[in-house]
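As structure tokens, the structure follows; a few thoughts come after it.
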Amino acid sequence: LNYDCVLELSMSEAKVPFSYFDAVGETICPLWKLHGSSNFFSAGIQASQGIAYSTGVVFDAGIQALPDSNRVIEHCLVETGLAPIMCLYMEGKPTSVSPSAIKRIQEQWTEAVSTAKAIFCIGVNPHLPDEHIWNPLAKTQAKLYFIGDENNFSQWSATNRSQPAQFLGSRFGEAYRHLLERIDEI
């Protein structure tokens, strides 16, 4: 979460079109946030300030992404008492706000992974309980590239993947040139 919206802010500044939810084509980059985001909010349901969350309480509605930090702040201070749509950092990744919308994103991602030519995983570690991420990656025929912990990735890849996968580097900065080269090859 420390870097949650940095990628899309950079993409916006560089005028690279992206989409969180819509179908994408050759010119629009899909940006998958499988556990929600600090700029994702419910659509179609509101709650006043001061609401309380407790076990079993769920606010299920649509999902909208707010385009910039000023809009997020305005929304939080003026328009709703609901928290952003984000899964909790715990086993099972539960969320109290728009869980159906998160589930749809995860299903769309699974479909996209199954038909992709190449997939780049950056800054994640294989975590087998996150089956909605790692099972589709294990099954896809796409070229899989990874930036992160080499030992964890190599062990997961050797155990779970029949197709080859390539480690590009442990840090984004050191792997950036290799990443661009692979993108150019596609």
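Keep in mind that the numbers below use all heavy atoms, side chains included, and drop hydrogens, waters and symmetry copies. If you're wondering where the values come from, they're calculated on a predicted model, not measured in any experiment.
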Going by side chain to side chain contact (heavy atoms under 4.5 Å, CB included), name the residues that satisfy it together with K139, two or more places apart in sequence or in a different chain. none

Please output the side-chain donor-acceptor pairs of residues 72-82 that fall under 3.5 Å, not counting sequence neighbours, one pair per line with the distance.
| residue | atom | partner | partner atom | Å |
| --- | --- | --- | --- | --- |
| H75 | ND1 | E79 | OE1 | 2.7 |
| E79 | OE1 | R71 | NH2 | 3.2 |
| E79 | OE2 | R71 | NH1 | 3.0 |
| E79 | OE2 | R71 | NH2 | 3.4 |
| T80 | OG1 | Q46 | OE1 | 3.3 |
| T80 | OG1 | L82 | N | 3.1 |

Tell me every residue that passes salt bridge (Lys or Arg N to Asp or Glu O under 4.0 Å) with K33, counting only those two or more places apart in sequence or in another chain. D4, E8

Give me each pair satisfying salt bridge (Lys or Arg N to Asp or Glu O under 4.0 Å) with a member in residues 110-122, each pair once, sequence neighbours excluded. none

Separation between CG (L31) and CZ (F21), nearest 0.5 Å, reads 9.5 Å

Does any pair with a residue in residues 124-137 pass salt bridge (Lys or Arg N to Asp or Glu O under 4.0 Å), and if so which ones, sequence neighbours excluded? K93-D130

What salt bridge (Lys or Arg N to Asp or Glu O under 4.0 Å) pairs are there with at least one residue in residues 158-179, not counting sequence neighbours? R177-E181

Once side chain to side chain contact (heavy atoms under 4.5 Å, CB included) is applied, do any residues pair with Q49, and if so which ones, sequence neighbours excluded? none

Just list the side-chain donor-acceptor pairs under 3.5 Å for residues 147-155, sequence neighbours left out, or say none.
| residue | atom | partner | partner atom | Å |
| --- | --- | --- | --- | --- |
| D149 | OD1 | N151 | N | 3.1 |
| D149 | OD1 | N152 | N | 2.8 |
| S154 | OG | E150 | O | 2.9 |

According to side chain to side chain contact (heavy atoms under 4.5 Å, CB included), who are the partners of L180, at least two apart in sequence or on a separate chain? Y176

Residue list, side chain to side chain contact (heavy atoms under 4.5 Å, CB included) with V113, at least two apart or on another chain: W109, I119, P136, L137, T140

Excluding sequence neighbours, so at least two apart, what forms side-chain hydrogen bond (donor to acceptor under 3.5 Å, both in side chains) with E107? none

Partners meeting ring pair (Phe, Tyr, Trp, His ring centres under 6.0 Å) with F167 (sequence neighbours left out): none

